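These numbers come from a predicted model, not from an experiment.
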Amino acid sequence: MVGAGAKTAVGYGQFTLDEAATATHQKQQRQQIEATKQQQAQAAALLGLSGVALELLQHSQKAKWQSDKNAFSKQGELEYWLGKLKAEPHPVAVAHLRELFQVHFPGLLDNPKKLEGKKQKPAFSPRQQGLAETLLGIEHSLMSQ
């Protein structure tokens, strides 16, 4: 027996529970479980998809669009995917983009031309407005099919 102190029962009774370390360990376990659940949910979402929808969702996960606004709104990125969706609209891909727009640009899809402030300046940039109008047009074309 190494490092346990005395060779009697008294030596074993001297150990105490480190509450902070236990809490940290439990928090790490919960985070690992949550990460695993998210990975399983993402894999399930991709199951059965093909074409542009599969590509978009895989790219979205790889580029971390959900958590990184800069990656999501990178110049040319959304234009590329919206162009692909115009040519090959897919409801799952469009819904995914809608969700990301709502996360990173709240209110944009509800009113792309929204004005704010005393001077009534546009709340969203011309690029954001154009992207929103494109996505709304794709949604409209899906509904009319």
[X] to [Y] - nearest heavy-atom pair and separation:
| X | Y | answer |
| --- | --- | --- |
| Gly117 | Gln120 | O-NE2, 2.8 Å |
| Glu139 | Val94 | CG-CG1, 3.3 Å |
| Leu56 | Trp65 | CD1-CZ3, 3.7 Å |
| Gly51 | Glu88 | CA-OE2, 4.0 Å |
| Leu85 | Leu97 | CD1-CD1, 3.4 Å |

Hey, any chance Val103 and Leu82 share a hydrophobic cluster, counting ILVMFWY side chains that come within less than 4.5 Å of each other, even indirectly?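 No, no single cluster joins them.
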Expected list for residues 106-115: side-chain donor-acceptor pairs under 3.5 angstrom, two or more places apart:
unit_1 : atom_1 : unit_2 : atom_2 : d
Asn111 : OD1    : Lys113 : N      : 3.4
Asn111 : OD1    : Lys114 : N      : 3.4
Lys113 : NZ     : Glu133 : OE2    : 3.3

Any sub-3.5 Å donor-acceptor pair from Gln128's side-chain atoms to Ser125's backbone N or O?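 Yes, because the side chain of Gln128 sits within donor-acceptor range (under 3.5 Å) of the backbone of Ser125.
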Side chains of Trp81 and Val52 in contact at under 4.5 Å (non-hydrogen atoms):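 With C-beta onward as the side chain, the pair touches.
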Please tell me if the side chains of Leu131 and Phe105 come closer than 4.5 Å, counting only heavy atoms from C-beta onward.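 Heavy-atom side-chain distance check fails, nothing below 4.5 Å.
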Quick one about His59 and Glu55 (side-chain donor to acceptor, distance below 3.5 Å, no hydrogens or angles considered), yes or no?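 On atom types as modelled, these side chains do not qualify, holding no pair under 3.5 Å.
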Does the side chain of Ser60 pick up a donor-acceptor pair with the side chain of His96 at under 3.5 Å?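 Yes, side-chain donor-acceptor contact under 3.5 Å.
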Rounded to the nearest 0.5 Å, what separation is found between the [atom1] atom of [X] and the [atom2] atom of [Y]?
| X | Y | atom1 | atom2 | value |
| --- | --- | --- | --- | --- |
| Asn70 | His104 | CG | NE2 | 9.5 Å |
| Lys62 | Leu57 | NZ | CG | 14.5 Å |
| Ser73 | Phe101 | OG | CZ | 9.5 Å |

Any chance you could lay out the side-chain contact (heavy atoms from CB on, under 4.5 Å) test for Leu136 and Arg98, step after step, and finish with the verdict? CA-CA 9 Å; Leu136 291 170; Arg98 173 174 264 287; 3.6 Å; yes
By the definition side-chain contact (heavy atoms from CB on, under 4.5 Å), identify the one residue from Gln28, Lys27, Gln32 that meets it with Arg30.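 Answer after filtering Gln28, Lys27, Gln32: Lys27.
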Residues in salt bridge (Lys or Arg N to Asp or Glu O under 4.0 Å) with Glu77, at least two apart?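 Scan of Glu77 (salt bridge (Lys or Arg N to Asp or Glu O under 4.0 Å), adjacent residues dropped) gives none.
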Just one of Lys84, Lys86, Arg127 clears the salt bridge (Lys or Arg N to Asp or Glu O under 4.0 Å) bar with Glu79, so which one?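 Answer after filtering Lys84, Lys86, Arg127: Arg127.
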